[in-house]
Structure formats: structure tokens, C-alpha cells
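In this text, all values refer to a predicted model and were calculated from it rather than measured experimentally.
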Amino acid sequence: MNFNTSDAANNKRGFQDTEKKPAMQMICSGILRKNGEKIIYVRFERGRDFAEGSLPAARITSHQGFSPDEIAQFEEYMSENRFEIIEQAKSVNLMKNFMK
């Protein structure tokens with residue numbers, strides 16, 4: 001899942017961005033087990049900025065370069081889109097990716 005914040009996408013929505021920003025991306029792990037619970041790690045990236053969190057908590061646990069408002073938006077996104085993120089995590093083949 002990627003957040004596309006490119007100039008073309010913004011211009012379609014009528015945004016005029018005078019400052020060039022890298023595209024936002026969201027990456028998730030496969031479904032893992034930690035202390036007997038299923039967990040999915042989620043990472044948001046924009047250039048060198050990052051925010052890391054997990055499901056089912058839908059909380060950001062570490063971050064750099066994002067504002068408190070952006071962190072709140074990421075937590076809201078994880079909460080509201082948990083089923084889509086879970087489906088994406090199910091498609092991650094950890095062993096295949098590890099062997100590359």
C-alpha cells in the first residue's frame with residue numbers, strides 16, 4: 001500500500017504544493033507472533049522521515065520527522081484501514097523475501 005503524494009496526484013485534487021516533498025509510502029510486515037499474539041508492523045516513510053507502529057494496537061511507537069498531527073493521522077489510518085492492512089500482511093511471504 002502506498003500513499004501517493006506526488007505533484008500529479010495533488011494537482012488532480014487542486015493542491016498547489018510550492019515545496020517539493022517525497023512521496024509518502026506505507027509498508028507492512030507479514031503477520032508475526034510476539035508473546036503469543038499476532039502482530040503486524042507498519043512503517044510510514046517520506047524521504048528520511050519515518051513512523052513505525054503496529055496492529056492491533058494501531059499506535060505509532062517510534063518516529064522521526066513527522067508532526068504530532070501527522071502521527072495522529074497515521075494512527076487513525078491504521079485503525080480505520082486495519083482490515084486492508086491485514087489482507088496485505090497475509091500476502092507477504094516472509095521466507096521468500098528473506099531469501100532474496
Side-chain angles (χ1 to χ4, degrees):
M1 239 178 234
N2 290 333
F3 291 106
N4 185 350
T5 59
S6 68
D7 289 337
N10 285 334
N11 288 338
K12 285 181 183 176
R13 289 183 284 239
F15 293 109
Q16 295 296 324
D17 190 5
T18 57
E19 181 183 330
K20 299 271 184 179
K21 292 183 183 179
M24 179 78 70
Q25 291 187 320
M26 187 207 83
I27 303 163
C28 74
S29 71
I31 299 172
L32 306 169
R33 290 204 176 265
K34 182 177 179 182
N35 300 327
E37 286 187 59
K38 291 182 181 179
I39 190 167
I40 299 169
Y41 292 101
V42 181
R43 181 177 172 100
F44 297 90
E45 297 178 343
R46 179 183 63 211
R48 292 184 179 182
D49 301 340
F50 72 89
E52 297 174 329
S54 63
L55 286 178
R59 294 284 176 247
I60 296 297
T61 54
S62 66
H63 61 88
Q64 175 181 308
F66 288 110
S67 71
D69 287 341
E70 289 172 313
I71 298 302
Q73 289 175 13
F74 296 149
E75 291 178 342
E76 183 177 342
Y77 178 87
M78 287 191 295
S79 180
E80 290 179 359
N81 295 283
R82 74 178 58 244
F83 296 111
E84 290 88 353
I85 296 171
I86 291 168
E87 288 304 311
Q88 181 180 354
K90 286 178 182 178
S91 70
V92 174
N93 184 331
L94 296 175
M95 189 54 76
K96 181 179 175 183
N97 291 334
F98 178 73
M99 299 304 282
K100 285 185 177 181

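Listed here is the closest heavy atom pair of Ile60 and Phe74: CD1-CB, 4.0 Å. In terms of heavy atoms, Ile71 sits closest to Ala51 at CD1-CB, 4.0 Å. Closest of all the heavy-atom pairs between Ala89 and Ser29 is CB-O, 3.3 Å.
No continuous path of hydrophobic side-chain contacts links Phe50 to Met78 [ILVMFWY only; heavy atoms under 4.5 Å].
Side-chain contact between Ile85 and Met26 is present, with heavy atoms from C-beta onward closer than 4.5 Å.
The distance from atom CD1 of Ile31 to atom OG of Ser91, rounded to the nearest 0.5 Å, is 9.5 Å. Remark: Leu55 CG to Phe83 CZ distance equals 10.0 Å, nearest 0.5 Å. Taking CD of Glu70 as the start and CZ of Arg46 as the end, the distance is 4.5 Å to the nearest 0.5 Å.
Every residue meeting the salt bridge (charged side-chain N to carboxylate O under 4.0 Å, His left out) condition with Glu87, not counting sequence neighbours, appears here in chain and number order: Lys90. Legend: residues meeting salt bridge (charged side-chain N to carboxylate O under 4.0 Å, His left out) with Glu80, ordered by chain and number and at least two apart, are absent.
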Donor-acceptor pairs are to be reported for all side-chain atoms of residues 34-44 against protein atoms at under 3.5 Å, with residues two or more places apart or in another chain.
residue, atom, partner, partner atom, Å
Arg43, NE, Glu45, OE2, 2.6
Arg43, NH1, Glu52, OE2, 2.3

